[in-house]
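In what follows, chains carry the letters A, B, and so on, assigned in the order in which the sequence lines appear, proteins first and then strands, with residues in each chain numbered from 1.
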Number of protein chains: 2
Amino acid sequence: MTGYELAKYFDRSVAFIWQARHSQIYTELRRLEAEGLVVAETLPRGEKALATKRAYALTPAGAEELHRWVTEAAPPPPLRDTAYVKATYLEYGSYQQARRWFRAHRSHYEALRDQYERHVDDLERRATDLLRRRLAQAPDPTHDAIVAYKVHAYRGLIERTKTEIAWADRGLELVNRLSEGHDLSDPVLPPSAPHPPT
Amino acid sequence: MTGYELAKYFDRSVAFIWQARHSQIYTELRRLEAEGLVVAETLPRGEKALATKRAYALTPAGAEELHRWVTEAAPPPPLRDTAYVKATYLEYGSYQQARRWFRAHRSHYEALRDQYERHVDDLERRATDLLRRRLAQAPDPTHDAIVAYKVHAYRGLIERTKTEIAWADRGLELVNRLSEGHDLSDPVLPPSAPHPPT
DNA sequence: AGCTCCATGTAAGTCGTTACATGATTCA
DNA sequence: TGAATCATGTAACGACTTACATGGAGCT
(Lines give C-alpha, C1' and ligand atoms only; values in the text may rest on other atoms or scores of the structure.)
Protein backbone atom coordinates (compact mmCIF):
# COMPACT_ATOMS: atom_id res chain seq x y z
CA MET A 1 0.00 0.00 0.00
CA THR A 2 0.93 3.62 -0.30
CA GLY A 3 1.16 5.88 2.72
CA TYR A 4 -1.95 7.61 1.54
CA GLU A 5 -3.94 4.38 1.40
CA LEU A 6 -2.70 3.40 4.85
CA ALA A 7 -3.70 6.79 6.20
CA LYS A 8 -7.19 6.30 4.80
CA TYR A 9 -7.58 2.98 6.61
CA PHE A 10 -6.26 4.64 9.77
CA ASP A 11 -9.05 7.17 9.43
CA ARG A 12 -11.58 4.37 9.28
CA SER A 13 -11.62 0.88 10.74
CA VAL A 14 -8.00 0.77 11.90
CA ALA A 15 -8.69 3.76 14.17
CA PHE A 16 -10.88 1.46 16.31
CA ILE A 17 -7.75 -0.26 17.52
CA TRP A 18 -4.82 2.07 16.82
CA GLN A 19 -4.54 5.67 15.72
CA ALA A 20 -2.00 7.46 13.54
CA ARG A 21 -1.97 10.65 11.47
CA HIS A 22 -0.64 10.71 7.97
CA SER A 23 2.40 12.69 9.10
CA GLN A 24 3.43 9.85 11.35
CA ILE A 25 2.63 7.18 8.78
CA TYR A 26 4.89 8.71 6.14
CA THR A 27 7.83 9.13 8.49
CA GLU A 28 7.35 5.67 9.94
CA LEU A 29 7.28 4.08 6.49
CA ARG A 30 10.57 5.78 5.65
CA ARG A 31 12.02 4.46 8.90
CA LEU A 32 10.83 0.90 8.22
CA GLU A 33 12.31 1.18 4.75
CA ALA A 34 15.67 2.29 6.15
CA GLU A 35 15.55 -0.70 8.50
CA GLY A 36 14.88 -3.05 5.59
CA LEU A 37 11.52 -4.23 6.89
CA VAL A 38 9.61 -2.84 3.92
CA VAL A 39 10.52 -1.97 0.34
CA ALA A 40 9.01 0.81 -1.70
CA GLU A 41 8.24 0.80 -5.39
CA THR A 42 7.81 4.17 -7.06
CA LEU A 43 4.76 4.03 -9.28
CA PRO A 44 3.42 6.57 -11.81
CA ARG A 45 0.20 8.35 -10.95
CA GLY A 46 -2.55 8.93 -13.50
CA GLU A 47 -2.36 8.96 -17.30
CA LYS A 48 0.37 11.41 -18.15
CA ALA A 49 2.17 10.51 -14.97
CA LEU A 50 3.90 13.70 -13.98
CA ALA A 51 3.45 12.62 -10.40
CA THR A 52 4.40 9.44 -8.58
CA LYS A 53 3.44 7.47 -5.53
CA ARG A 54 5.33 4.98 -3.39
CA ALA A 55 3.78 1.56 -2.82
CA TYR A 56 5.24 -0.36 0.10
CA ALA A 57 5.46 -4.10 0.67
CA LEU A 58 6.91 -6.25 3.43
CA THR A 59 10.35 -7.72 2.86
CA PRO A 60 11.06 -11.27 4.12
CA ALA A 61 12.83 -9.67 7.09
CA GLY A 62 9.74 -7.55 7.70
CA ALA A 63 7.45 -10.57 7.58
CA GLU A 64 9.70 -12.39 10.02
CA GLU A 65 9.74 -9.45 12.41
CA LEU A 66 5.94 -9.20 12.16
CA HIS A 67 5.56 -12.87 13.09
CA ARG A 68 7.98 -12.44 15.96
CA TRP A 69 6.30 -9.32 17.28
CA VAL A 70 2.76 -10.66 17.15
CA THR A 71 3.48 -13.85 19.06
CA GLU A 72 5.65 -12.14 21.68
CA ALA A 73 3.76 -11.24 24.86
CA ALA A 74 2.21 -7.78 24.78
CA PRO A 75 3.91 -5.32 27.13
CA PRO A 76 1.44 -4.09 29.73
CA PRO A 77 -0.37 -1.04 28.36
CA PRO A 78 0.64 2.27 30.03
CA LEU A 79 -2.61 2.59 32.05
CA ARG A 80 -3.10 6.31 31.59
CA ASP A 81 -6.80 6.89 31.60
CA THR A 82 -7.58 10.36 32.92
CA ALA A 83 -11.16 9.19 33.53
CA TYR A 84 -10.05 7.06 36.46
CA VAL A 85 -7.85 9.80 37.86
CA LYS A 86 -10.77 12.21 37.75
CA ALA A 87 -13.17 9.64 39.19
CA THR A 88 -10.86 9.38 42.17
CA TYR A 89 -11.36 13.07 42.95
CA LEU A 90 -15.02 13.63 42.14
CA GLU A 91 -15.53 15.03 45.63
CA TYR A 92 -14.10 18.26 44.26
CA GLY A 93 -17.34 18.85 42.40
CA SER A 94 -21.01 18.88 43.33
CA TYR A 95 -23.20 15.79 43.18
CA GLN A 96 -24.81 17.29 40.13
CA GLN A 97 -21.45 17.56 38.40
CA ALA A 98 -20.53 14.00 39.37
CA ARG A 99 -23.81 12.79 37.89
CA ARG A 100 -23.17 14.66 34.66
CA TRP A 101 -19.65 13.25 34.61
CA PHE A 102 -20.79 9.62 34.84
CA ARG A 103 -23.51 10.22 32.24
CA ALA A 104 -20.91 11.56 29.80
CA HIS A 105 -18.73 8.54 30.48
CA ARG A 106 -21.62 6.21 29.74
CA SER A 107 -22.59 8.00 26.53
CA HIS A 108 -19.07 7.90 25.24
CA TYR A 109 -18.73 4.14 25.71
CA GLU A 110 -22.23 3.45 24.38
CA ALA A 111 -21.29 5.12 21.12
CA LEU A 112 -18.02 3.21 21.01
CA ARG A 113 -19.82 -0.07 21.72
CA ASP A 114 -22.19 0.54 18.82
CA GLN A 115 -19.29 1.22 16.46
CA TYR A 116 -17.50 -1.96 17.51
CA GLU A 117 -20.68 -3.98 17.14
CA ARG A 118 -21.17 -2.74 13.61
CA HIS A 119 -17.58 -3.61 12.86
CA VAL A 120 -17.86 -7.16 14.23
CA ASP A 121 -20.89 -7.53 12.01
CA ASP A 122 -18.88 -6.41 9.00
CA LEU A 123 -16.05 -8.78 9.90
CA GLU A 124 -18.37 -11.75 10.28
CA ARG A 125 -19.89 -11.01 6.88
CA ARG A 126 -16.31 -10.61 5.59
CA ALA A 127 -17.47 -7.32 4.21
CA THR A 128 -14.56 -5.04 5.04
CA ASP A 129 -11.98 -4.01 2.48
CA LEU A 130 -8.97 -4.80 4.59
CA LEU A 131 -10.22 -8.24 5.59
CA ARG A 132 -10.89 -9.11 1.95
CA ARG A 133 -7.37 -8.08 0.96
CA ARG A 134 -6.06 -10.17 3.82
CA LEU A 135 -8.06 -13.29 2.94
CA ALA A 136 -7.15 -12.98 -0.74
CA GLN A 137 -3.49 -13.46 0.21
CA ALA A 138 -3.96 -16.38 2.58
CA PRO A 139 -4.71 -20.04 1.74
CA ASP A 140 -8.37 -21.00 1.97
CA PRO A 141 -8.23 -23.32 4.99
CA THR A 142 -6.79 -20.50 7.12
CA HIS A 143 -9.66 -18.09 6.45
CA ASP A 144 -11.82 -19.20 9.37
CA ALA A 145 -9.00 -18.76 11.85
CA ILE A 146 -8.08 -15.33 10.48
CA VAL A 147 -11.66 -14.08 10.80
CA ALA A 148 -12.13 -15.75 14.18
CA TYR A 149 -9.12 -14.02 15.74
CA LYS A 150 -10.22 -10.61 14.52
CA VAL A 151 -13.79 -11.12 15.67
CA HIS A 152 -12.53 -12.25 19.04
CA ALA A 153 -10.38 -9.13 19.43
CA TYR A 154 -13.27 -6.79 18.62
CA ARG A 155 -15.68 -8.71 20.83
CA GLY A 156 -13.15 -8.12 23.60
CA LEU A 157 -13.29 -4.39 22.91
CA ILE A 158 -17.08 -4.57 23.07
CA GLU A 159 -16.87 -6.24 26.47
CA ARG A 160 -14.56 -3.46 27.60
CA THR A 161 -17.09 -0.80 26.67
CA LYS A 162 -19.81 -2.74 28.49
CA THR A 163 -17.63 -2.81 31.59
CA GLU A 164 -17.25 0.96 31.38
CA ILE A 165 -21.00 1.45 30.91
CA ALA A 166 -21.80 -0.73 33.92
CA TRP A 167 -19.20 1.15 35.96
CA ALA A 168 -20.76 4.50 35.04
CA ASP A 169 -24.19 3.16 36.02
CA ARG A 170 -22.92 2.04 39.40
CA GLY A 171 -21.30 5.47 39.70
CA LEU A 172 -24.68 7.13 39.21
CA GLU A 173 -26.20 4.92 41.88
CA LEU A 174 -23.36 5.84 44.20
CA VAL A 175 -23.97 9.55 43.66
CA ASN A 176 -27.67 9.02 44.37
CA ARG A 177 -26.86 7.31 47.65
CA LEU A 178 -24.32 9.94 48.67
CA SER A 179 -26.52 12.88 47.78
CA GLU A 180 -29.59 11.78 49.73
CA GLY A 181 -30.69 14.72 51.82
CA HIS A 182 -28.08 17.09 50.40
CA ASP A 183 -28.34 20.08 48.14
CA LEU A 184 -27.33 18.70 44.73
CA SER A 185 -25.47 21.75 43.58
CA ASP A 186 -23.40 22.19 46.71
CA PRO A 187 -19.81 21.19 46.20
CA VAL A 188 -18.78 18.28 48.40
CA LEU A 189 -15.61 20.24 49.10
CA PRO A 190 -15.27 24.01 48.80
CA PRO A 191 -12.76 25.09 46.13
CA SER A 192 -10.07 26.18 48.55
CA ALA A 193 -6.50 25.02 48.70
CA PRO A 194 -5.66 22.40 51.30
CA HIS A 195 -3.41 23.50 54.11
CA PRO A 196 0.22 23.67 53.07
CA PRO A 197 2.41 21.14 54.86
CA THR A 198 3.93 22.46 58.06
CA MET B 1 4.89 17.68 49.31
CA THR B 2 8.39 17.67 47.91
CA GLY B 3 9.11 16.22 44.49
CA TYR B 4 10.88 13.37 46.19
CA GLU B 5 7.84 12.50 48.27
CA LEU B 6 5.58 12.68 45.24
CA ALA B 7 7.94 10.40 43.34
CA LYS B 8 7.77 7.89 46.17
CA TYR B 9 3.98 7.80 46.00
CA PHE B 10 4.22 7.44 42.23
CA ASP B 11 6.38 4.37 42.81
CA ARG B 12 3.68 2.90 45.01
CA SER B 13 -0.08 3.28 45.06
CA VAL B 14 -0.35 6.16 42.58
CA ALA B 15 1.30 3.94 39.94
CA PHE B 16 -1.90 1.87 39.90
CA ILE B 17 -3.66 4.71 38.16
CA TRP B 18 -0.97 6.95 36.65
CA GLN B 19 2.76 6.64 36.17
CA ALA B 20 5.56 9.19 36.25
CA ARG B 21 9.29 9.10 36.84
CA HIS B 22 11.00 11.51 39.17
CA SER B 23 12.57 13.31 36.21
CA GLN B 24 9.14 14.20 34.91
CA ILE B 25 7.79 15.10 38.33
CA TYR B 26 10.54 17.63 39.04
CA THR B 27 10.18 19.35 35.69
CA GLU B 28 6.39 19.34 35.91
CA LEU B 29 6.47 20.91 39.38
CA ARG B 30 8.68 23.70 38.07
CA ARG B 31 6.23 24.21 35.23
CA LEU B 32 3.22 24.35 37.56
CA GLU B 33 5.13 26.80 39.73
CA ALA B 34 5.84 29.04 36.73
CA GLU B 35 2.13 28.91 35.88
CA GLY B 36 1.22 29.94 39.43
CA LEU B 37 -0.74 26.78 40.18
CA VAL B 38 1.61 25.73 42.97
CA VAL B 39 4.03 27.55 45.25
CA ALA B 40 7.26 26.15 46.62
CA GLU B 41 8.76 26.75 50.01
CA THR B 42 12.45 26.03 50.41
CA LEU B 43 12.98 24.11 53.62
CA PRO B 44 16.19 23.09 55.40
CA ARG B 45 17.11 19.44 55.46
CA GLY B 46 18.46 17.70 58.55
CA GLU B 47 20.13 19.18 61.62
CA LYS B 48 22.98 21.27 60.31
CA ALA B 49 20.98 22.00 57.19
CA LEU B 50 23.57 22.41 54.51
CA ALA B 51 21.04 21.01 52.08
CA THR B 52 17.50 22.09 51.29
CA LYS B 53 14.33 20.69 49.81
CA ARG B 54 11.36 22.32 48.11
CA ALA B 55 7.90 21.64 49.50
CA TYR B 56 5.05 22.47 47.14
CA ALA B 57 1.48 23.47 47.91
CA LEU B 58 -1.51 24.36 45.73
CA THR B 59 -2.25 28.04 45.27
CA PRO B 60 -5.90 29.20 45.18
CA ALA B 61 -5.57 29.33 41.37
CA GLY B 62 -4.23 25.77 41.42
CA ALA B 63 -7.13 24.56 43.58
CA GLU B 64 -9.57 26.23 41.22
CA GLU B 65 -7.98 24.64 38.19
CA LEU B 66 -8.02 21.25 39.92
CA HIS B 67 -11.76 21.57 40.59
CA ARG B 68 -12.37 22.61 37.00
CA TRP B 69 -10.29 19.82 35.53
CA VAL B 70 -11.80 17.04 37.64
CA THR B 71 -15.41 17.87 36.85
CA GLU B 72 -14.78 18.46 33.15
CA ALA B 73 -15.54 15.41 30.99
CA ALA B 74 -12.56 13.12 30.48
CA PRO B 75 -11.18 13.15 26.94
CA PRO B 76 -11.47 9.68 25.42
CA PRO B 77 -8.30 7.73 26.24
CA PRO B 78 -5.99 7.13 23.24
CA LEU B 79 -6.92 3.42 22.87
CA ARG B 80 -3.43 2.12 22.17
CA ASP B 81 -3.28 -1.35 23.55
CA THR B 82 -0.81 -3.44 21.59
CA ALA B 83 -2.46 -6.56 23.02
CA TYR B 84 -5.53 -6.03 20.85
CA VAL B 85 -3.45 -5.29 17.79
CA LYS B 86 -1.53 -8.50 18.30
CA ALA B 87 -4.70 -10.48 19.04
CA THR B 88 -5.98 -9.39 15.65
CA TYR B 89 -3.05 -11.09 13.93
CA LEU B 90 -2.54 -14.23 16.00
CA GLU B 91 -2.85 -16.30 12.82
CA TYR B 92 0.78 -15.39 12.21
CA GLY B 93 1.79 -17.79 14.96
CA SER B 94 1.06 -21.42 15.75
CA TYR B 95 -1.88 -22.50 17.91
CA GLN B 96 0.62 -23.26 20.62
CA GLN B 97 1.94 -19.72 20.52
CA ALA B 98 -1.59 -18.30 20.56
CA ARG B 99 -2.35 -20.37 23.62
CA ARG B 100 0.78 -19.15 25.37
CA TRP B 101 -0.11 -15.62 24.37
CA PHE B 102 -3.59 -15.74 25.96
CA ARG B 103 -2.20 -17.43 29.07
CA ALA B 104 0.31 -14.61 29.50
CA HIS B 105 -2.49 -12.06 29.05
CA ARG B 106 -4.54 -13.77 31.73
CA SER B 107 -1.64 -14.02 34.19
CA HIS B 108 -0.83 -10.36 33.77
CA TYR B 109 -4.36 -9.22 34.57
CA GLU B 110 -4.75 -11.70 37.42
CA ALA B 111 -1.75 -10.16 39.13
CA LEU B 112 -3.09 -6.68 38.48
CA ARG B 113 -6.52 -7.64 39.83
CA ASP B 114 -4.96 -8.92 43.04
CA GLN B 115 -3.02 -5.68 43.50
CA TYR B 116 -6.16 -3.58 42.98
CA GLU B 117 -8.11 -5.77 45.38
CA ARG B 118 -5.52 -5.30 48.07
CA HIS B 119 -5.63 -1.57 47.45
CA VAL B 120 -9.43 -1.36 47.70
CA ASP B 121 -9.10 -3.19 50.97
CA ASP B 122 -6.60 -0.63 52.21
CA LEU B 123 -8.82 2.22 51.07
CA GLU B 124 -11.89 0.80 52.82
CA ARG B 125 -9.91 0.43 56.02
CA ARG B 126 -8.65 3.97 55.41
CA ALA B 127 -5.20 2.55 55.90
CA THR B 128 -3.24 4.26 53.15
CA ASP B 129 -0.94 7.18 53.81
CA LEU B 130 -2.26 9.35 51.03
CA LEU B 131 -5.90 8.80 51.95
CA ARG B 132 -5.17 9.70 55.57
CA ARG B 133 -3.47 12.93 54.52
CA ARG B 134 -6.45 13.64 52.33
CA LEU B 135 -9.06 13.02 55.03
CA ALA B 136 -7.11 15.03 57.57
CA GLN B 137 -7.58 18.11 55.40
CA ALA B 138 -11.29 17.64 54.66
CA PRO B 139 -14.27 18.26 56.96
CA ASP B 140 -15.58 15.14 58.69
CA PRO B 141 -18.97 14.84 56.94
CA THR B 142 -17.23 14.61 53.55
CA HIS B 143 -15.06 11.64 54.50
CA ASP B 144 -17.51 8.97 53.40
CA ALA B 145 -17.92 10.52 49.95
CA ILE B 146 -14.16 10.90 49.49
CA VAL B 147 -13.54 7.25 50.33
CA ALA B 148 -16.53 6.08 48.31
CA TYR B 149 -15.36 7.78 45.09
CA LYS B 150 -11.89 6.31 45.37
CA VAL B 151 -13.21 2.85 46.15
CA HIS B 152 -15.55 3.09 43.19
CA ALA B 153 -12.71 4.03 40.85
CA TYR B 154 -10.53 1.11 41.94
CA ARG B 155 -13.45 -1.30 41.81
CA GLY B 156 -13.87 -0.17 38.21
CA LEU B 157 -10.26 -1.06 37.53
CA ILE B 158 -10.86 -4.46 39.12
CA GLU B 159 -13.81 -5.02 36.78
CA ARG B 160 -11.58 -4.10 33.87
CA THR B 161 -9.04 -6.75 34.80
CA LYS B 162 -11.83 -9.32 35.14
CA THR B 163 -13.03 -8.44 31.65
CA GLU B 164 -9.51 -9.04 30.34
CA ILE B 165 -9.24 -12.36 32.18
CA ALA B 166 -12.57 -13.55 30.78
CA TRP B 167 -11.52 -12.45 27.31
CA ALA B 168 -8.28 -14.43 27.57
CA ASP B 169 -10.23 -17.49 28.70
CA ARG B 170 -12.56 -17.24 25.74
CA GLY B 171 -9.45 -16.81 23.58
CA LEU B 172 -8.08 -20.10 24.88
CA GLU B 173 -11.38 -21.81 24.10
CA LEU B 174 -11.27 -20.35 20.62
CA VAL B 175 -7.76 -21.70 20.03
CA ASN B 176 -8.91 -25.12 21.24
CA ARG B 177 -11.77 -25.09 18.75
CA LEU B 178 -9.59 -23.88 15.89
CA SER B 179 -6.77 -26.33 16.56
CA GLU B 180 -8.91 -29.49 16.66
CA GLY B 181 -7.27 -32.00 14.39
CA HIS B 182 -4.29 -29.79 13.63
CA ASP B 183 -0.67 -30.02 14.57
CA LEU B 184 -0.36 -27.53 17.44
CA SER B 185 3.07 -26.29 16.51
CA ASP B 186 2.33 -25.67 12.84
CA PRO B 187 2.00 -22.00 12.06
CA VAL B 188 -1.43 -21.08 10.79
CA LEU B 189 0.32 -19.00 8.15
CA PRO B 190 3.89 -19.57 6.94
CA PRO B 191 6.25 -16.67 7.74
CA SER B 192 6.49 -15.42 4.17
CA ALA B 193 5.77 -11.96 2.91
CA PRO B 194 2.37 -11.42 1.31
CA HIS B 195 2.37 -10.71 -2.41
CA PRO B 196 3.39 -7.15 -3.17
CA PRO B 197 0.60 -5.11 -4.74
CA THR B 198 0.52 -5.29 -8.51
C1' DA C 1 34.64 4.79 55.91
C1' DG C 2 31.08 3.19 53.45
C1' DC C 3 26.32 2.22 52.48
C1' DT C 4 21.59 3.51 51.95
C1' DC C 5 18.41 6.88 51.61
C1' DC C 6 17.15 11.71 50.73
C1' DA C 7 16.95 15.14 47.25
C1' DT C 8 17.16 17.48 42.77
C1' DG C 9 18.12 18.01 38.63
C1' DT C 10 19.80 17.83 33.08
C1' DA C 11 20.32 15.65 28.34
C1' DA C 12 19.15 12.95 24.68
C1' DG C 13 15.93 10.55 22.46
C1' DT C 14 11.15 8.38 21.20
C1' DC C 15 6.56 8.71 20.03
C1' DG C 16 2.98 11.25 18.71
C1' DT C 17 0.20 15.61 17.58
C1' DT C 18 -0.90 19.99 15.21
C1' DA C 19 0.03 22.99 11.93
C1' DC C 20 2.30 24.32 7.81
C1' DA C 21 3.32 23.46 2.94
C1' DT C 22 3.09 21.87 -1.79
C1' DG C 23 1.52 20.15 -6.00
C1' DA C 24 -0.81 16.72 -9.42
C1' DT C 25 -5.20 14.43 -10.86
C1' DT C 26 -9.93 14.01 -11.75
C1' DC C 27 -14.34 15.35 -12.59
C1' DA C 28 -18.24 18.49 -13.04
C1' DT D 1 -11.81 26.71 -13.99
C1' DG D 2 -12.57 25.39 -9.68
C1' DA D 3 -13.28 21.97 -6.13
C1' DA D 4 -12.44 17.53 -4.19
C1' DT D 5 -9.31 14.08 -3.87
C1' DC D 6 -4.74 11.99 -4.40
C1' DA D 7 -0.24 12.21 -2.65
C1' DT D 8 3.83 13.36 0.21
C1' DG D 9 6.18 15.57 3.07
C1' DT D 10 8.52 19.10 7.08
C1' DA D 11 8.61 21.88 11.55
C1' DA D 12 7.57 22.74 16.05
C1' DC D 13 6.09 21.18 20.03
C1' DG D 14 4.38 18.19 24.05
C1' DA D 15 4.56 14.13 26.96
C1' DC D 16 7.29 10.78 28.51
C1' DT D 17 11.48 7.59 29.07
C1' DT D 18 16.26 6.35 29.89
C1' DA D 19 20.45 7.51 31.22
C1' DC D 20 23.61 10.62 33.22
C1' DA D 21 25.03 13.44 37.16
C1' DT D 22 25.60 15.33 41.74
C1' DG D 23 25.81 15.72 46.57
C1' DG D 24 24.10 15.92 51.61
C1' DA D 25 22.11 13.14 55.68
C1' DG D 26 21.97 9.34 58.72
C1' DC D 27 23.47 5.21 60.36
C1' DT D 28 26.73 1.27 61.37
Side-chain angles (χ1 to χ4, degrees), chain A residues 1-12 14-35 37-57 69 74-83 85-86 129 197, chain B residues 1-12 14-35 37-57 65 69 74-83 85 129 197:
Chain A
M1 273 191 230
T2 64
Y4 186 81
E5 279 178 289
L6 275 165
K8 260 198 327 189
Y9 285 116
F10 268 91
D11 280 345
R12 300 164 163 270
V14 180
F16 292 154
I17 213 159
W18 198 267
Q19 282 135 287
R21 309 269 155 225
H22 78 268
S23 60
Q24 194 185 357
I25 290 166
Y26 286 120
T27 50
E28 195 67 17
L29 283 170
R30 288 288 182 170
R31 215 192 50 127
L32 291 170
E33 193 186 11
E35 279 181 36
L37 300 176
V38 300
V39 267
E41 195 185 353
T42 300
L43 298 173
R45 255 175 78 199
E47 291 302 297
K48 352 201 125 160
L50 298 173
T52 59
K53 58 183 172 183
R54 291 167 58 81
Y56 291 88
W69 181 81
L79 192 68
R80 285 174 189 291
D81 190 341
T82 51
V85 182
K86 291 185 181 200
D129 246 33
Chain B
M1 272 192 229
T2 64
Y4 186 80
E5 279 178 288
L6 275 166
K8 259 198 327 189
Y9 285 116
F10 268 91
D11 280 345
R12 302 164 163 271
V14 180
F16 292 154
I17 213 159
W18 198 268
Q19 283 134 287
R21 309 268 156 225
H22 78 267
S23 60
Q24 194 184 358
I25 290 167
Y26 285 119
T27 50
E28 194 66 18
L29 283 170
R30 289 287 183 171
R31 215 193 51 127
L32 292 170
E33 192 187 11
E35 278 181 37
L37 300 176
V38 299
V39 267
E41 194 185 353
T42 300
L43 299 174
R45 254 174 78 199
E47 292 301 296
K48 351 203 126 159
L50 298 172
T52 58
K53 57 184 173 182
R54 291 168 58 81
Y56 291 88
E65 169 61 11
W69 181 81
L79 193 67
R80 286 174 189 287
D81 190 341
T82 50
V85 182
D129 246 35

Would you mind reading off the distance between D81(A) atom CG and dA15(D) atom C1', rounded to a whole angstrom? 16 Å
Any side-chain heavy-atom pair from K86(A) and W69(B) closer than 4.5 angstrom? yes
With a cut-off of less than 4.0 Å, is there a side-chain N or O of Y26(A) near OP1 or OP2 of dT8(D)? yes
Rounded to the nearest angstrom, tell me the gap between atom CZ in R54(A) and atom C1' in dG9(D). 11 Å
note: E5(A), atom CD; dC6(D), atom P; distance rounded to Å ~ 10 Å
When K8(B) and R30(B) are each assigned the nearest nucleotide of DNA chain C, the 5'-most assignment goes to K8(B)
Apply salt bridge (charged side-chain N to carboxylate O under 4.0 Å, His left out) to K53(A) and list each qualifying residue two or more places apart in sequence or on a separate chain. none
Non-neighbouring partners of Q24(B) that pass side chain to side chain donor-acceptor pair (under 3.5 Å), sequence neighbours left out: none
R80(B) side chain vs Q19(A) backbone, donor-acceptor pair below 3.5 Å: yes
Output the rounded distance in Å from CD (E28(A)) to C1' (dG9(D)). 15 Å
Nucleotide dA7(D), atom P - distance to CD1 of I25(A) in whole Å: 14 Å
Salt bridge (charged side-chain N to carboxylate O under 4.0 Å, His left out) partners of R31(A), counting only residues at least two apart: E28(A), E35(A)
Can you see which heavy atom on F10(A) is nearest to which on W18(A), and at what distance? CD2-O, 3.8 Å
Go through L6(A) and L29(A) one step at a time and tell me if the side-chain contact (heavy atoms from CB on, under 4.5 Å) criterion holds. CA-CA 10 Å; L6(A) 275 165; L29(A) 283 170; 3.9 Å; yes
Would one find a side-chain N or O of R80(A) under 4.0 angstrom from OP1 or OP2 of dC16(D)? yes
Atom-to-atom span, CE of M1(B) to C1' of dT8(C) - whole angstrom: 17 Å
Under 4.0 angstrom between Y4(B) side-chain N/O and dT8(C) OP1 or OP2: no
How sharply is the helix from dA1(C)-dT28(D) to dA28(C)-dT1(D) bent, taking the axes over five pairs at either end and rounding to 10 degrees? 0°
Nucleotide dC5(C), atom P - distance to CG of D11(B) in whole Å: 13 Å
Minimum-distance nucleotide (side-chain atoms of W18(B) versus dT8(C), dT17(C), dC16(D)): dC16(D)
If the sugar-phosphate is the primed atoms plus P, OP1 and OP2 and the base is the rest, what is the B/S/- string for nucleotides 18-28 of chain D, using protein heavy atoms under 4.0 Å? BB---BBSS--
Test log, rule side-chain contact (heavy atoms from CB on, under 4.5 Å), inputs R30(B) and Y56(B): CA-CA 10 Å; R30(B) 289 287 183 171; Y56(B) 291 88; 4.1 Å; yes
Length of the line joining R31(B):CZ and dA15(D):C1', which is rounded to integer Å: 10 Å
List in chain and number order the residues that pass side chain to side chain donor-acceptor pair (under 3.5 Å) with D11(A), two or more places apart in sequence or in another chain; answer none if no residue qualifies. none
